[in-house]
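Heavy atoms only: backbone and side chains are in, while hydrogens, waters and symmetry mates are out.
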Amino acid sequence: MPSLSTTVNSSDIVKPVTIERDILGTAIITASNRIDASYAIGYAHSQDRFFQMDLLRRNSAGELSEIFGKAALELDKSRRFHQLRKRAQTIFEKLPEQDKASLSAYTKGVNQALADQTVLSFEYLLTNSTPREWHETDSLLVIYSMYLDLQGNTIKRDMALTQLQQAFGNEMLDFLIQPSHHQAALDNSQIPLYQGDIPELEEQILISALKQDIEEPVEVGSNNWAVTGELTQSGKAMLSDDMHLSFAVPIIWYRAQLNYPESSNSNSTEEMMQITGVSLPGAPAIVVGSNGKLAWGFTNSYIDTADWIEISSDTEIELEYEPINLPEDQVNYTVQVSKYGPVKTVAGISYALSWVGHTDYAVNMALIELENIETVEQAAELATQLGIPAQNMLLADDQGNAGWIIAGAVPARNNPSDTAQSTNGYQSNNWQQQQQVMPEVINPDNQRIWTANSRVLSAEEQLRFGDGGYALGARSAQIRYRLMQKNSFNEDDFYQLQLDNEALFLAPWQQYLLEVLSEQPVVFAEDIKLIANWGNCACADSVGYTLVRHFRTALIDQTFAPIETELKERDSGLSVIKRYLETPMWQLIKQQPSSWLPREHSNWQAFAISAYQDSTTSLLEKHSKKRRLADLRWGKVNQLHIQHPFSKQLPQLSRWLDMPTIEGFGDSFMPAVQRKSFGASQRFIVQPGAEQDAIMSIPGGQSGHPLSPYYRNGFEQYVKQQHTPLLPTEIEHRLVINPLTDNQVKLSNSEIADD
């Protein structure tokens, strides 16, 4: 275990630095300047999370096979397609000197903590591998891992829609991806629904369809909202932010507080900056947090940041070699590269990918500058300089201002497309430039702002920035509805909204299912009773919610099976646009066209009943040995099980490495997002300047070491829906890093030379 209460020496800091840990393991860093603070947070990250940092850099670089062998080879190949290690090196060389200094200090801190470990961490012992030193570019690779997580489906979406267009035509494309009526843009604008006739399915396509599940996409995203000081007793604005990601042990975020003087040339009496929030191990910035004047949080914007370009056979292509190391071997992987981007061939046609992640402005350390900003307007000016995946950045300050702006890397090209473009439409110069003016809303008339991965932009702005895979909008609509119900809010009001699991979205599905089953009231007597008394929530004890939820999924899967079958032949599928199928599904239910009805059913009523029976049978086979509906409680079916990556391959390690399995709470289409291994990776609520009342809850601990007291700290409070504070509490450990004097450095170098 790393030493948390000790004194160490370093030649890489100017003045002494302390790293304290409170009862939750929060790293409280006090330094004389921001560069030394970067060193200290690197040291703390390395002590608690080095292996997880290693996985993040390897994930984006395509280097997991070096540890895990051939099992990771296909994933590595998909990553090498983007050549992100080369791009990280190119970007690092062009960074401002201040960014380089922060990354250099962070890197030195990481590597010193790594060197101070006397025994390899258990992950390296189990994989029979050796940790490799950190490099400044590895921090950029960690940010690239977030790009792949947050924008990977945008890339897949455009290719899936291209294949859909080629197989079924523009009419079908427009029918399937029409906007949802749940969209809750800040200006309440609506995009008209599809007005044409429902496209007919050819008989042969209908007959040859395979009954199969359309894979549920991981709803990577978040909720956040804010109110101005007009709606709080203090007059300060208030911000809520809960970022939704896949869960693993440890949880991706790391609690931290940075304390350093406002100026690096400060004297001892100058006021100290204090920034508290969560960091991403692998990078020196506070990702979400508050500095006492300003608070910030993010949700994925899902604007369109990628285009596939259809290229001809005479397009000039270069071959670039990306050797992939295995534990005892090497695989030569080749990337085809054109002036439009790396090339992929699908269904006999070649396409080049132009993606913002490939640009020179994709990543930087500008997020650190938020720490010194005091107002919403100042933060909005910084938004387009941030080298992060394009985000809905929500802001609140202690003067009562609240604002939203799209922050991060956005290309200046102005012709986003859902499907592959021709080379004639490619705007080469615009792709190389970062968009400098972004839509924003500050202090709206209703004093409320909300985002949840669906469209926030106006309908007009949507045409300019495109759709990169928006969420359905049910979460946004429910958050807006709740915010409009009150005219005054405190932290607990926001926390209860984060926990809101009322099933507003599924209510029409519940009514429809009751109508369907009422045709056979005797056969489905028990089902009808459970569904009628479903509690209207994704509550742990609700069987009816389970039945409705899975009926909806089964009916969508079986209705669109003919299209899914055809797309699978093209190495594609509907998974990445499954959320869009809600609107066309209801149009099919209402119009009941015969060309969409599976031939084994006489009418749509019989089809719906069959889909319900299939979903219920599947649930009983999986969750009830005695085949009892009562066993299908939502809390059991949707159990939260946060696993360590190793226990997935070695189940015998589960009791040592995993978080306890608990009954599920929440679902996908409501503010309280929670699936089996997915949900709110943190819950953050703050009024800047009133951090003593702020909340930061995380479903797991700080340390990646299973014997550490900080391995599970925070998990129990999270699952019991209890508050944990943003600010650190009782201090349990204090680590001091002292700078070496010139004589000590010379002596140390002499000893190294002698050795």
Side-chain angles (χ1 to χ4, degrees), residues 2 10-13 34-68 72 76 79-80 82-117 120-121 123-124 127 129-148 252 254 279-285 287 320-327 330 357-358 360-368 387-388 704 737 752:
S10 171
S11 61
D12 298 311
I13 57 174
R34 185 56 174 89
I35 298 301
D36 281 1
S38 292
Y39 179 94
I41 196 171
Y43 194 97
H45 282 166
S46 184
Q47 281 192 309
D48 290 328
R49 300 284 191 90
F50 185 83
F51 184 74
Q52 287 71 40
M53 295 162 58
D54 195 2
L55 292 188
L56 285 174
R57 66 175 171 180
R58 288 179 180 276
N59 171 60
S60 58
E63 297 169 354
L64 290 167
S65 299
E66 194 171 350
I67 293 179
F68 300 109
D76 276 354
R79 300 317 198 208
R80 292 299 180 96
H82 301 289
Q83 298 182 295
L84 296 178
R85 182 166 285 285
K86 290 181 180 179
R87 299 183 195 280
Q89 183 62 45
T90 298
I91 287 177
F92 177 76
E93 292 169 359
K94 297 178 181 179
L95 285 177
E97 290 305 313
Q98 185 71 12
D99 283 5
K100 288 183 178 179
S102 290
L103 289 174
S104 177
Y106 179 84
T107 297
K108 291 172 182 176
V110 170
N111 289 332
Q112 177 163 349
L114 186 63
D116 287 346
Q117 288 293 102
L120 293 180
S121 66
E123 298 99 335
Y124 292 105
T127 56
S129 57
T130 303
R132 186 177 66 206
E133 279 198 341
W134 200 255
H135 187 274
E136 287 87 346
T137 56
D138 291 336
S139 292
L140 305 184
L141 287 169
V142 166
I143 301 174
Y144 275 131
S145 260
M146 297 307 294
Y147 265 97
L148 293 166
I252 190 170
Y254 185 90
S279 58
L280 175 63
V287 177
E320 297 190 10
Y321 300 98
E322 291 277 333
I324 301 175
N325 292 324
L326 299 164
Q330 188 179 81
H358 296 160
D360 288 348
Y361 53 84
V363 295
N364 60 35
M365 289 293 109
L367 188 61
I368 293 176
I388 59 174
I737 308 175
I752 292 171

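For Phe50 against Arg132, the heavy-atom pair with the smallest separation is CZ-O, 3.4 Å. Considering all non-hydrogen atoms of both residues, Val363 and Ile91 come closest at O-CG2, 3.4 Å. Here the shortest heavy-atom pairing between Tyr106 and Pro281 reads OH-C, 3.9 Å. Residues Gly704 and Arg49 approach most closely at N-CD, 4.3 Å, considering heavy atoms. Here the closest heavy-atom approach between residue Asp36 and residue Ile13 is recorded as OD1-CA, 3.4 Å.
A salt bridge is defined here as a Lys NZ or Arg NE, NH1 or NH2 lying under 4.0 Å from an Asp or Glu carboxylate O, and Asp76 with Arg80 fails to meet this definition. Salt bridge annotation for Arg85-Glu322: absent, with no cationic side-chain nitrogen under 4.0 angstrom from a carboxylate oxygen.
Ser279 places a side-chain N or O within 3.5 Å of a backbone atom of Tyr254 that can act as its donor or acceptor partner. Within the 3.5 Å criterion, the main-chain N or O of Ala362 finds a donor-acceptor partner in the side chain of Tyr147. Checked by atom type and distance alone, the side chain of Ser104 never pairs as donor or acceptor with a backbone atom of Lys100 at under 3.5 Å.
The side-chain contact (heavy atoms from CB on, under 4.5 Å) search around Arg79 returns Asn59, Leu75, Leu148, not counting sequence neighbours. For Tyr144, the ring pair (Phe, Tyr, Trp, His ring centres under 6.0 Å) test picks out no residue, with sequence neighbours left out. Partners of Thr107 by side-chain contact (heavy atoms from CB on, under 4.5 Å), not counting sequence neighbours, listed by chain and number: Asn111, Trp134, Glu136. Legend: residues meeting ring pair (Phe, Tyr, Trp, His ring centres under 6.0 Å) with His135, ordered by chain and number and at least two apart, are absent. Considering only residues two or more places apart in sequence or on other chains, Leu55 meets the side-chain contact (heavy atoms from CB on, under 4.5 Å) condition with Phe51, Leu64, Phe68. Taking Ile368 as the reference, Arg34, Ser102, Pro284, Ala285, Met365, Glu371 meet the side-chain contact (heavy atoms from CB on, under 4.5 Å) condition, with sequence neighbours excluded.
Other residues, nucleotides and ligands contribute only 12 or fewer heavy atoms inside 6.0 Å of the CD atom of Gln98.
Taken from CG in Asp99 to CG in Leu367, the straight-line distance is 10.5 Å, to the nearest 0.5 Å.
When side chains are defined from C-beta on, Pro2 does not count as touching Asp116, because their heavy atoms never get closer than 4.5 Å. A 4.5 Å side-chain heavy-atom check between Tyr39 and Ser10 finds at least one atom pair inside the cut-off.
With Thr90 as the fixed residue, the side chain to side chain contact (heavy atoms under 4.5 Å, CB included) test singles out one of Lys86, Lys94, Arg87: Lys94.
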